[in-house]
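Notes follow once the structure below has been shown.
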Amino acid sequence: MILSIESSCDDSSVAVTAIENRTLLFHRKISQESEHARYGGVVPELASRLHAVDLPRLLKEAKPYLDDLKAVAVTNEPGLSVTLLEGVAMAKALSIAKGLPIIAVNHLKAHIYSLFIEKPTRFPMLVLLISGGHTMVVDVADFDRMDVVASTMDDSFGESFDKTAKMMGLGYPGGPVIEALARKGDPERFSLPVPLKHSPKIAFSYSGIKNAVRLLVKEHSPLDEQTKADIAAAFQRAAIEHLLQKCRKIFRQRKPKDFAIVGGASANAAVREAFANLCAEFGTALHLADLRFCSDNAAMVGRYALDAYERGLFCDAMTLSVSPRSKDF
Ligand code: KG4
Ligand code: ZN
């Protein structure tokens, strides 16, 4: 079995995965969302203090499995250094106490592996990763051949939902709140610009929509409930249209047989529907992770670790460190 740990942002999570048959034997997560909500975003120092309390609680729950482990896997990049360190410190303690090798896991690759939890690995695949920290299209040829095809020049897709929600006083995280509000709104009432619409660039940008939302909010303040819903609907429509326009260009060039969407924002039903249509247009198979594995979790870290374990990719407690940036992407 492999024990896996995730603490790259505001979710503390621990999982245990069986090596032989990929079964997820144990999976728990404590989200800090409500703790950060009143600040309108993740406060790194608060997040690390919460991980210091929550991770050992989760490890204690996993105690029945601790004598059967072959390795301990931990997210060590990219993310908030102060929160990554909490998970890495726990992994090192376990490694030294039990004589276990450590598997260092890249968070973005773990999101890609969320597609394969309790399933076989399936490559090649073109993958859209949309989360709070990243917006990118990755050409995944194999375990160790992942190339970024497009990425964001400024804000990420999820972050733009968080910032829109914050501007309307709706708390954190913005994604689920904006999605729910957008269902009640009229997307025709306001027209927001689709970023890079006339640019041949294959890249993403969300700072322009954010500024357009800021102006709308200012113009219509104090916002009544219907106006909030209408802004949410217009924002979500433009944000998704931007993803679609750029991905359509990539589809035309690459004609992918298999396409996947991963990351916290891949839980969005309007995103899923829009891409189901795009994939149908190109005869591409669409792959999505289970809703419970879209946001940060240790199950995906453990699933990536299974493939790393097979390849003997271990590191040492004395040398492993963390990095806020991804070394591979
Ligand atoms: O992958 P994730 O849990 O953490 C990061 O690696 O960043 O993604 C969190 C992000 C947040 O920005 C959150 O607002 C966004 O995903 N998100 C959504 C939805 N659910 C979560 N964005 C749009 N629609 C959603 N339903
Ligand atoms: Zn994530």
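Order of appearance sets the numbers: ligands from 1, and atoms from 1 within every ligand. FYI, the numbering just counts along the sequence from 1. From a predicted model like this one, the values you see are computed outputs, not experimental measurements.
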Q: Number the atoms of ligand 1 from 1 as they appear, then name those within less than 4.0 Å of a heavy atom of E179, with their elements.
A: 25 (C), 26 (N)
**Q.** Check: F259 ring centroid to H287 ring centroid under 6.0 Å
**A.** no
Q) Can you tell which of P176, G132, G264 gets a heavy atom nearest to atom 7 (O) of ligand 1? A) G132
**Q.** Protein contact of atom 3 (O) of ligand 1 - nearest heavy atom, named by residue and atom, plus distance
**A.** D296 N, 3.1 Å
Q. Between the side chains of Q226 and D230, does any donor sit under 3.5 Å from an acceptor?
A. yes
Q: Output the atom name for the N/O/S atom of D296 with the smallest distance to the Zn ion (ligand 2).
A: OD1
(Q) Can you tell me if, anywhere in H111, an N/O/S atom lies at a distance from the Zn ion (ligand 2) that is smaller than 2.8 Å? (A) yes
Q. For ligand 1, which atoms, with element, lie under 4.0 Å from some heavy atom of H107?
A. 6 (O)
Q. Taking heavy atoms and a distance under 4.0 Å, where does H134 meet ligand 1: side chain, backbone, both or neither?
A. neither
Q. How are the rings of F161 and F157 set relative to one another: parallel (under 30°), tilted (30 to 60°) or perpendicular (over 60°)?
A. tilted
Q.
With respect to the Zn ion (ligand 2), please indicate if H107 possesses an N, O or S atom at a distance under 2.8 Å.
A. yes
Q.
Closer than 4.0 Å to some heavy atom of P173 - which atoms of ligand 1 meet that?
A. 14 (O)
Q) Can you find a side-chain donor-acceptor pair between H107 and D296 that sits under 3.5 Å? A) yes
Q | Ligand-residue contact atoms, ligand 1 with G133, heavy atoms, under 4.0 Å | A | 7 (O)
Q | Atoms in ligand 1 with a heavy atom of S295 nearer than 4.0 Å | A | 3 (O)
Q: Run the numbers for me: atoms of ligand 1, each under 4.0 Å from some heavy atom of H111, listed by number.
A: 1 (O), 6 (O)
Q. Which atoms from ligand 1 have a heavy atom of G158 less than 4.0 Å away?
A. 12 (O), 14 (O)
Q) For the salt bridge (Lys or Arg N to Asp or Glu O under 4.0 Å) test, which of D162, D154, D155 pairs with K210? A) D155
Q) Near E61 CD, under 6.0 Å, is it more than 12 heavy atoms from other residues, nucleotides or ligands? A) yes
Q) Taking the six-membered ring for Trp, are F275 and F251 ring centroids under 6.0 Å apart? A) no
Q) Is there a donor-acceptor pair under 3.5 Å between the side chain of N106 and the backbone N or O of L108? A) yes
Q. To which of D162, V42, L129 does the heavy atom nearest atom 14 (O) of ligand 1 belong?
A. D162
**Q.** E77 bridged to K327 by N-O distance under 4.0 Å
**A.** yes
